[in-house]
Protein chains: 4
Amino acid sequence: MKNQKPKYHQIIEAAVKVIAENGYHGSQVSKIAKEANVADGTIYLYFKNKEHILVSLFEVKMGEFINQIAKAIEESDAASDQLYTLIKMHFRQISSDYYLAIVTQLELRQSNISLRLQINQVLKPYLTVIDGIIQKGMEQHQFGKDLNIPLVRQMIFGTLDEIVTNWVMKEQKYNLVEMAPEVHRMLVNALSK
Amino acid sequence: MKNQKPKYHQIIEAAVKVIAENGYHGSQVSKIAKEANVADGTIYLYFKNKEHILVSLFEVKMGEFINQIAKAIEESDAASDQLYTLIKMHFRQISSDYYLAIVTQLELRQSNISLRLQINQVLKPYLTVIDGIIQKGMEQHQFGKDLNIPLVRQMIFGTLDEIVTNWVMKEQKYNLVEMAPEVHRMLVNALSK
Amino acid sequence: MKNQKPKYHQIIEAAVKVIAENGYHGSQVSKIAKEANVADGTIYLYFKNKEHILVSLFEVKMGEFINQIAKAIEESDAASDQLYTLIKMHFRQISSDYYLAIVTQLELRQSNISLRLQINQVLKPYLTVIDGIIQKGMEQHQFGKDLNIPLVRQMIFGTLDEIVTNWVMKEQKYNLVEMAPEVHRMLVNALSK
Amino acid sequence: MKNQKPKYHQIIEAAVKVIAENGYHGSQVSKIAKEANVADGTIYLYFKNKEHILVSLFEVKMGEFINQIAKAIEESDAASDQLYTLIKMHFRQISSDYYLAIVTQLELRQSNISLRLQINQVLKPYLTVIDGIIQKGMEQHQFGKDLNIPLVRQMIFGTLDEIVTNWVMKEQKYNLVEMAPEVHRMLVNALSK
DNA sequence: TATGAATGAGCCTTCATTCAT
DNA sequence: AATGAATGAAGGCTCATTCAT
């Protein structure tokens with residue numbers, strides 16, 4: 001399975017590790033190549049340039065992240081339960097890979113505008129999942145009926161992202177997943193009529 | 001008083017303009033110096049290094065930002081009203097200086113971890129103001145009584161910050177201040193018992 | 001015979017095309033391989049290195065060039081007529097293969113000294129043909145009797161080469177072969193007592 | 001005098017030396033900087049990029065070359081004498097600076113097309129001087145009256161350039177200036193009716 | 001013979017900071 | 001206090017060549 005494009009994934013995993021340990025600006029292509037056990041030039045057989053490594057990293061990892069969440073959500077019908085699942089999964093996945101959390105929450109945000117815009121594109125499906133929950137909540141009369149969807153989505157995403165970023169910056173001194181019920185309660189309250 | 005250091009402020013204002021127009025990575029010290037009508041070397045008579053310009057920029061501008069909000073809040077007694085004032089002022093000040101908004105919401109976030117940590121220090125008084133409102137709301141029984149203050153603060157700040165960032169990235173196509181009532185209603189709901 | 005090394009010639013023809021279209025510095029080995037429909041590695045079964053492709057190209061093409069001229073010259077006895085034939089053939093052959101003309105007149109001259117020295121070796125038989133005509137002209141008393149042969153040869157070759165290079169650089173806007181009589185008249189004049 | 005823009009000329013002189021000794025492709029910017037006793041970065045205060053050093057080198061040196069010749073020519077009235085002066089000066093100047101001769105005759109010709117086109121522009125005034133002599137020679141009835149000026153110019157320049165290049169490649173084993181009378185005699189013959 | 005994935009040496013340029021004036 | 005010319009470290013990327021298959 002993983003044997004398909006093994007170098008491609010080797011390089012991405014190496015990039016996560018190197019960036020987590022050395023920071024965005026301390027992560028030279030040569031360092032990533034060394035960590036991946038390939039020659040510098042080999043990187044360029046799989047990625048157009050350095051930026052492309054980072055975008056790909058985000059695509060692959062965020063793709064998994066979103067797929068996991070989307071699949072888990074399908075198991076509930078109620079919007080409120082789906083929101084709870086989303087929060088819990090979001091926190092759980094971040095907790096389960098600290099290296100990746102550092103990279104996506106802290107380091108990749110130092111990238112230039114061009115990369116940030118591409119990252120935003122990758123995030124879109126996640127925002128769409130959130131929008132879907134809000135929509136369903138309105139239809140099920142679990143949430144207020146005239147919610148401003150983009151605004152609500154920004155509240156949900158902004159809240160989760162800020163909580164996660166704080167947790168990463170505080171070096172994960174506490175259990176992130178345990179926060180889920182309280183966060184869920186507040187967000188549901190916020191959306192109720 | 002401050003007028004006795006005219007160059008200091010010239011340089012900071014120049015930095016805002018240059019960064020807003022050229023982006024973080026397009027803002028060389030020499031460009032800032034030129035915009036400020038001083039020699040490159042002069043910068044280093046007022047700032048220890050480039051990072052120090054940016055921290056100072058954030059300190060000065062965020063100091064004004066927080067002072068305005070703190071003063072406005074004093075005029076209300078009820079925590080909910082204070083929260084409304086905070087939201088409205090936050091949005092209003094961002095709206096009133098688009099250049100500054102770009103710099104603080106988008107460009108300065110591309111800085112390295114060291115600068116980001118210093119920026120977080122500067123933000124602390126603002127977070128303390130938010131904490132104060134939450135505390136007061138619990139005492140006044142306007143909000144639930146057992147709120148996890150750091151968590152709530154992260155929700156409030158995360159929500160406002162995400163909304164503002166989206167507004168800046170969407171190139172201010174809509175009126176930000178008009179969002180205040182709806183945001184306020186959702187947040188108060190979230191905090192109610 | 002030569003057909004038994006089809007790849008060898010495929011590669012040389014591909015090199016001419018690729019260099020003519022992409023310039024010397026835009027002609028990577030991989031591009032030549034692709035144009036020749038062989039793998040990169042195959043090139044090295046037929047040529048020691050990249051430089052060797054270019055020397056071989058020059059040898060093969062220049063060999064044909066010189067043979068044609070040498071054969072044509074044999075048909076005249078008078079040195080002056082032979083010189084006319086040489087000029088006409090030189091211009092005619094250049095005119096007949098614009099791709100090759102670009103490569104030999106413009107692109108291959110960007111090569112390094114080592115390659116240029118080898119190219120000079122390849123040119124020697126042509127220079128010897130010229131020397132022969134000069135010698136014969138002196139013996140036949142068509143030309144002055146005490147000509148400095150190397151100097152005269154440099155004049156003849158330098159003149160033809162400069163004219164051809166200009167024609168190639170001007171993108172062959174005019175008929176090169178029509179220049180032959182005038183060039184011949186001037187050169188014969190130059191060599192007369 | 002030379003104190004005007006001293007670094008600019010330091011760098012150009014260093015470039016001539018470094019290129020003559022190491023060849024075009026062995027002349028890294030850092031090597032030129034070291035020879036000029038300046039930091040690598042200093043180069044870029046005076047030249048836009050590496051190519052610009054070479055174009056400037058050619059401009060400055062060729063400018064002097066042409067000025068010397070043009071001035072010397074003014075002292076004669078007869079086209080034939082002017083041509084003799086031109087040949088003698090051309091050979092004399094090349095002989096007087098072997099390093100420069102290597103650079104202009106051999107190394108700079110390895111540059112890419114872009115640089116070569118710029119070099120051709122720099123050469124234009126020299127070609128114009130030659131054209132002037134031809135024109136004058138026709139008016140004075142020293143030369144034939146219906147010469148094809150571009151063609152004649154190509155013969156003169158091609159001849160001189162080829163002779164000089166051979167001399168440089170043969171490592172100046174003989175006296176170049178002594179060739180002038182014979183070359184002059186041949187060229188004048190060539191142009192006579 | 002033929003392949004083509006992998007290698008890794010090599011270099012131009014930028015820009016924050018210094019320091020002689 | 002102010003200047004601005006000079007510094008020099010640092011890194012992304014290309015491409016000729018190799019070698020296991």
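So that the names make sense, note that chain A is the first sequence line, chain B the second, and so on, each numbered from 1. What you see is a predicted model, and the numbers here were worked out from it, not measured in a lab. Basis for what follows: all heavy atoms, side chains included, without hydrogens, waters or symmetry-related copies.
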**Q** From CD1 of I43(C) over to C1' of dT18(F), roughly how many Å is that when rounded to an integer?
**A** 14 Å
**Q** Starting from the 5' end of DNA chain F, give me the residue, A39(D) or E51(A), whose nearest nucleotide shows up first.
**A** A39(D)
**Q** Only counting residues at least two apart or in another chain, list the ones meeting salt bridge (charged side-chain N to carboxylate O under 4.0 Å, His left out) with K17(C).
**A** E35(C)
**Q** Taking only residues two or more places apart in sequence, or in another chain, which ones meet Y44(D) in a ring-ring contact (aromatic ring centres under 6.0 Å, His included)?
**A**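 Result, ring-ring contact (aromatic ring centres under 6.0 Å, His included) vs Y44(D): none returned.
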**Q** Report the residues that fulfil ring-ring contact (aromatic ring centres under 6.0 Å, His included) with F58(C), sequence neighbours left out, ordered by chain and then residue number.
**A** none
**Q** Among dG12(F), dT13(E), dT3(E), which is the nearest nucleotide to the side chain of Y44(D)?
**A**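 Per side-chain heavy atoms of Y44(D), the pick is dT13(E).
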**Q** Just N and O in the side chain of K7(B): are any of them under 4.0 Å from OP1 or OP2 of dA1(F)?
**A** no
**Q** Working to the nearest 0.5 Å, report the span between NZ of K48(B) and CD1 of I53(B).
**A** 12.5 Å
**Q** From N120(A) CG over to L115(A) CG, what is the distance, rounded to the nearest 0.5 angstrom?
**A**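 Separation between the atoms: 10.0 Å.
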**Q** Output all residues satisfying salt bridge (charged side-chain N to carboxylate O under 4.0 Å, His left out) with R116(B), sequence neighbours left out; order by chain, then residue number.
**A**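 Applying salt bridge (charged side-chain N to carboxylate O under 4.0 Å, His left out) to R116(B) gives none.
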**Q** Just how far, in rounded Å, is P of dA6(E) from CD1 of I11(A)?
**A** 9 Å
**Q** Produce the list of close N/O pairs, under 3.5 Å, pairing protein atoms with atoms of nucleotides 9-11 of chain F; give distances to one decimal.
**A**
{"unit_1": "dG11(F)", "atom_1": "OP1", "unit_2": "Q28(A)", "atom_2": "NE2", "d": "2.6"}

**Q** Consider the side chain of V38(C), meaning its heavy atoms from C-beta on, and name the nucleotide among dT13(E), dT3(F), dT3(E) that approaches it most closely.
**A** dT3(E)
**Q** According to a strict under-4.0 Å criterion, is Y46(B) in side-chain N/O contact with OP1 or OP2 of dA2(F)?
**A**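 Answer is yes, contact under 4.0 Å.
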**Q** Quick one: which of dA2(E), dA2(F), dA6(F) gets closest to the side chain of T42(C)?
**A** dA2(E)
**Q** Whole angstroms only, please: what is the CG-C1' distance between N49(B) and dC15(E)?
**A** 14 Å
**Q** With Watson-Crick and G-U wobble geometry limited to distances under 3.5 Å, how should the secondary structure of DNA chain F be encoded in dot-bracket form, using | for bases paired to another strand and [ ] for crossing pairs?
**A** .||||||||||||||||||||
**Q** Just the rounded figure in Å: distance from C1' of dA2(E) to CG of N37(C).
**A**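 Checked: the CG to C1' distance equals 14 Å.
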**Q** Let's go through V29(B) and F47(B) carefully: what are the C-alpha distance in whole Å and the side-chain angles of both, what is the deciding distance for side chain to side chain contact (heavy atoms under 4.5 Å, CB included) to 0.1 Å, and is it a yes or a no?
**A** CA-CA 11 Å; V29(B) 170; F47(B) 301 91; over 6 Å; no
**Q** Mind calculating the distance between NZ (K48(B)) and C1' (dT18(E)) to the nearest angstrom?
**A**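 K48(B) atom NZ is separated from dT18(E) atom C1' by 15 Å.
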**Q** Please round to the nearest 0.5 Å and tell me the distance separating atom NZ of K61(B) and atom CD of E13(B).
**A** 3.5 Å
**Q** Figure out the CD1/C1' separation between I32(D) and dT13(E), and round it to whole Å.
**A** 14 Å
**Q** Return the value, rounded to whole Å, for the distance between atom OH of Y8(B) and atom C1' of dA1(F).
**A** 18 Å
**Q** Atom CD of E59(D) and atom CD1 of I119(D): how far apart are they, to the nearest 0.5 Å?
**A**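 Rounded to the nearest 0.5 Å, the CD-CD1 separation comes to 10.0 Å.
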**Q** Rounded to the nearest Å, what distance is computed from the NZ atom of residue K34(B) to the C1' atom of nucleotide dC15(E)?
**A**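 It is 15 Å, rounded to the nearest whole Å.
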